[in-house]
Amino acid sequence: MEDQSFSFKLEKQQGSARAGNFTTPHGNILTPVFAPVGTQATVKAVSPAQLAETGASLVLANTYHLYLRPGADLVEAHGGLHSFMRWDGPMLTDSGGFQVFSLSDTRKVDDDGVTFKSHIDGSTHRLTPELSIQVQEKLGADIIMAFDECAVPVDLAYNRKSMARTHAWIERCMRVKQRPDQALFGIVQGGVFPELRRESASFIASLGLPGNAIGGLSVGETKAQMHAMLEVVDPILPTDKPRYLMGVGSPEDLVNGILRGVDIFDCVLPTRLARHQAAFTRYGRINLMNSANASLKSPIEDGCQCYTCRNFTRAYLRHLIIAKEILAATLISIHNIQFLVTLMKNARQAILDGTFNDFSASFLAEYKPSSRKEQT
RNA sequence: GUGGCUGUAGCUCAAUGGCAGAGCAUCGCACUGUGGAUGCGAGGGUUGUGGGUUCGACCCCCAUCAGCCACC
């Protein structure tokens, strides 16, 4: 079904950490990789040229949002997502499955699909595995995702049922998929339950898809639970296919994910935090609005090669924030994206050099997570 | 000069004799397959000043100061 456009070469492995090269019709993805999120066919506040300058390769967009607005037919009529939003590099679309979870106020899930109300105009819609694939084929991303259900990971009985449903849906996705220039990834579910995760990973691995994702994590469970689930899944998923941890995440989560065999990450965090005035540094997250930055002539991070840090002081960025200038979101987004992209590049190089253990240990020792629900 | 109105948080204003509050601003925290350039919280007061009435006064009375308006 897939043509020769997609191949994954595992270049080097150190422990569970992997350095690879995933070939797509729009260029290679060197892994580990972080994909910034452009839900509505735009990485918020950042132009494609600025995005390219951060070193980002893979960009994510969202089926649910684009299906509702402007509609898949319109995107298709404009030559697909790459052409429509002017991103020449690899792209990935989420299936809409996550919205089944995050918009649970207004959804109804059954074995055939999900009925939900539009957050834009309240109109009722129905999404099925078949429709999700049809929409994603019109959008035209290089990597498309199976339509899954992301259940709240607390109820074992419900998670078992939900996992079975997700597995059935993936097979339906495979049956209707037509375009050979798109790679369909399956998604492992199973909540925080090792036995379910094992079963799900075995099933997904057996499908022989060009890539495999791990879903249903970073949705409220503890870090320890997330790590445990990754460790359960790591030895089961095929080593010769990329693994994608959906929706993750923070810098420490990326490093911890690589340590447990993950190749691809995506997250809204760098851009959302930027719009909320927070920036990553190697020592942890800082809030640029803090008055301590009011007169600082230093950049967000000394030595950072991003456009923002090469040109602008913290005092200027804080001024933009206080004055409510939209450039603040742009400049901080550029920094945060490049921070994670660079972290992935450095991690990849360390794996290739055989020094990833030291790299990850020293990064995790230096980087101080600011969230209160950290650790544990 | 005469009369009137107004003085409460940094700012704009509530509170009609019963625990002085709000919005904005300031300060801080959070954000994980993006309904959100958002959400949560904190600090901040000799109610212009001085007297009086009252169990109790931002509130009523007297004086005084300041600003504004009108009329001489």
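Labels below follow one simple rule: chain letters A, B, ... track the order of the sequence lines, proteins then strands, and each chain is numbered from 1.
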Inset, instruction - Return yes if some donor-acceptor pair links the side-chain N/O of A:Thr23 with the main-chain N/O of A:Phe6 below 3.5 Å, else return no. - result: no
Inset, instruction - Output yes when at least one side-chain N/O atom of A:Gln99 is less than 4.0 Å from OP1 or OP2 of B:G33, else no. - result: no
Legend entry - P atoms of B:C62 and B:C19, separation to the nearest Å: 26 Å
Legend entry - Inter-nucleotide C1' distance (B:A9, B:G48), Å rounded: 15 Å
Inset, instruction - Give the rounded distance in Å between these two atoms: CZ of A:Phe98 and P of B:G33. - result: 6 Å
Inset, instruction - By nearest nucleotide on RNA chain B, pick out whichever of A:Arg69 and A:Gln189 is the more 5' one. - result: A:Gln189
Inset, instruction - Give a yes or no on whether A:Arg126 atom CZ has more than 12 heavy-atom contacts from other residues, nucleotides or ligands under 6.0 Å away. - result: yes
Inset, instruction - Look only at the side chain of A:Arg197 and the backbone of A:Val188, and say whether a donor-acceptor pair between them is shorter than 3.5 Å. - result: yes
Inset, instruction - Take atom P in B:C13 and the same atom in B:A30, then report the distance between them in whole Å. - result: 37 Å
Legend entry - Whole angstrom value for the distance that separates C1' of B:U34 from OH of A:Tyr67: 20 Å
Inset, instruction - Mark yes or no for whether A:His335, through its side chain, and A:Phe280, through its backbone, hold a donor-acceptor pair below 3.5 Å. - result: yes
Legend entry - Sidechain-backbone polar pair: A:Lys177 side chain, A:Gln182 backbone, donor-acceptor under 3.5 Å: yes
Inset, instruction - Mind calculating the distance between CG (A:Leu254) and P (B:G33) to the nearest angstrom? - result: 12 Å
Inset, instruction - Take atom C1' in B:G44 and the same atom in B:U2, then report the distance between them in whole Å. - result: 42 Å
Legend entry - B:A42 to B:G4 separation - P atoms, rounded to the nearest Å: 45 Å
Legend entry - Toward the 5' end of RNA chain B, by each residue's nearest nucleotide, A:His65 or A:Ala278: A:Ala278
Inset, instruction - Please tell me which of the listed nucleotides, B:G35, B:U32, B:U26, lies nearest to the side chain of A:Ser250? - result: B:U32
Inset, instruction - Round to the nearest Å and state the distance from A:His119 atom NE2 to B:G35 atom C1'. - result: 4 Å
Inset, instruction - Return the residues of residues 261-268 of chain A meeting this criterion: a heavy atom under 4.0 Å from some atom of RNA chain B. Order them by number, or give none. - result: A:Asp266, A:Cys267, A:Val268
Inset, instruction - Determine yes or no for a side-chain-to-main-chain donor-acceptor pair under 3.5 angstrom, with A:Gln50 supplying the side chain and A:Ser47 the backbone. - result: yes
Legend entry - Inter-nucleotide P distance (B:G41, B:C24), Å rounded: 13 Å
Inset, instruction - Output yes when at least one side-chain N/O atom of A:Arg272 is less than 4.0 Å from OP1 or OP2 of B:G33, else no. - result: no
Inset, instruction - Kindly say if A:Gln40 contacts the phosphate of B:G35, meaning a side-chain N or O under 4.0 Å from OP1 or OP2. - result: no
Legend entry - Candidate pair A:His167 and A:Ser200, rule side-chain hydrogen bond (donor to acceptor under 3.5 Å, both in side chains), full reasoning: CA-CA 8 Å; A:His167 292 174; A:Ser200 187; 2.9 Å; yes
Legend entry - Which nucleotides of RNA chain B pair, in dot-bracket form (Watson-Crick or G-U under 3.5 Å, | meaning another strand): (((((((..((((....[..)))).(((((.......))))).....(((((..]....)))))))))))).
Inset, instruction - Would you mind reading off the distance between A:Asn293 atom CG and B:C27 atom P, rounded to a whole angstrom? - result: 11 Å
Inset, instruction - Using only heavy-atom distances, decide whether a donor-acceptor pair under 3.5 angstrom links the side-chain of A:Asn62 to the base of B:G33. - result: no
Inset, instruction - Taking atom P in both B:G39 and B:U32, compute the distance separating them and give it to the nearest angstrom. - result: 15 Å
Legend entry - Between B:U34 (C1') and A:Leu68 (CG): distance, integer Å: 14 Å
Inset, instruction - Tell me what A:Leu273 touches on the nucleic acid: a base, only sugar-phosphate, or nothing, going by heavy atoms under 4.0 Å. - result: base
Inset, instruction - Give A:Ser291 one of three labels, base, sugar-phosphate or nothing, depending on what nucleic acid heavy atoms sit under 4.0 Å from its own. - result: sugar-phosphate
Please write out each protein N/O paired with an N/O of nucleotides 37-39 of chain B under 3.5 Å, distance rounded to 0.1 Å.
{"from": "B:A37", "atom 1": "O2'", "to": "A:Arg275", "atom 2": "O", "distance (Å)": "3.4"}

Legend entry - Protein-nucleotide distance (A:Ile187, atom CD1; B:G33, atom P), rounded to Å: 14 Å
Inset, instruction - Determine, step by step, whether A:Trp87 and A:Val43 satisfy the side-chain contact (heavy atoms from CB on, under 4.5 Å) criterion, reporting the C-alpha distance in whole Å, the side-chain angles of both residues, the deciding distance to 0.1 Å, and the verdict. - result: CA-CA 10 Å; A:Trp87 180 251; A:Val43 175; over 6 Å; no
Inset, instruction - Ignoring hydrogens and angles, tell me if any N or O in the side chain of A:Lys241 forms a donor-acceptor pair with the backbone of A:Gly211 under 3.5 Å. - result: no
Legend entry - Pairwise C1' distance, B:G28 and B:U64 [rounded to whole Å]: 43 Å
Legend entry - A:Arg172 side chain to A:Asp112 backbone, donor-acceptor under 3.5 Å: yes
Legend entry - Close residues, residues 213-221 of chain A, relative to RNA chain B [heavy-atom separation under 4.0 Å]: A:Gly216, A:Ser218
Inset, instruction - Over 60° means perpendicular and under 30° means parallel, so classify the ring planes of A:Tyr307 and A:Phe312, tilted if in between. - result: perpendicular
Inset, instruction - Measure the shortest side-chain to side-chain distance between A:Asp88 and A:His82 over non-hydrogen atoms and say whether it is less than 4.5 angstrom. - result: no
Inset, instruction - Choose from B:G36, B:G33, B:U32 the nucleotide whose nearest atom is closest to any side-chain atom of A:Asp253. - result: B:U32
Legend entry - Given B:C31, B:G33, B:U32, the nucleotide with the shortest approach to the side chain of A:Ser95: B:G33
Legend entry - Pairwise side-chain contact, A:Ile332 with A:Arg275, heavy-atom cut-off 4.5 Å (strictly under): no
Legend entry - Any residue of residues 160-173 of chain A with a heavy atom less than 4.0 Å from an atom of RNA chain B: none
Inset, instruction - Pick base, sugar-phosphate or nothing for A:Leu327, based on heavy-atom distances below 4.0 Å to the nucleic acid. - result: nothing
Inset, instruction - Run the ring-centre check on A:Phe98 versus A:Tyr64 and record whether the distance is less than 6.0 Å. - result: no
Legend entry - Which atom of A:Pro210 lies closest to which atom of A:Phe22, heavy atoms considered: O-CE1, 3.9 Å
Legend entry - Any donor-acceptor pair under 3.5 Å from A:Ser162 side chain to A:Tyr158 backbone: no
Legend entry - B:C29 OP1/OP2 closer than 4.0 Å to side-chain N/O of A:Arg285: no
Inset, instruction - Mind telling me whether A:Phe363 and A:Phe339 have parallel, tilted or perpendicular rings, with 30° and 60° as the class edges? - result: tilted
Legend entry - Sidechain-backbone polar pair: A:Thr313 side chain, A:Ser298 backbone, donor-acceptor under 3.5 Å: no
Inset, instruction - Nearest whole angstrom, please: distance from the C1' of B:G33 to the CG of A:Leu92. - result: 9 Å
Inset, instruction - Under the side chain to side chain contact (heavy atoms under 4.5 Å, CB included) rule, collect the residues that match up with A:Ala146, sequence neighbours excluded. - result: A:Ile170, A:Cys173, A:Leu184
Inset, instruction - May I ask you to say what A:Thr271 touches in the nucleic acid, namely base, sugar-phosphate or nothing, with a heavy-atom cut-off under 4.0 Å? - result: base
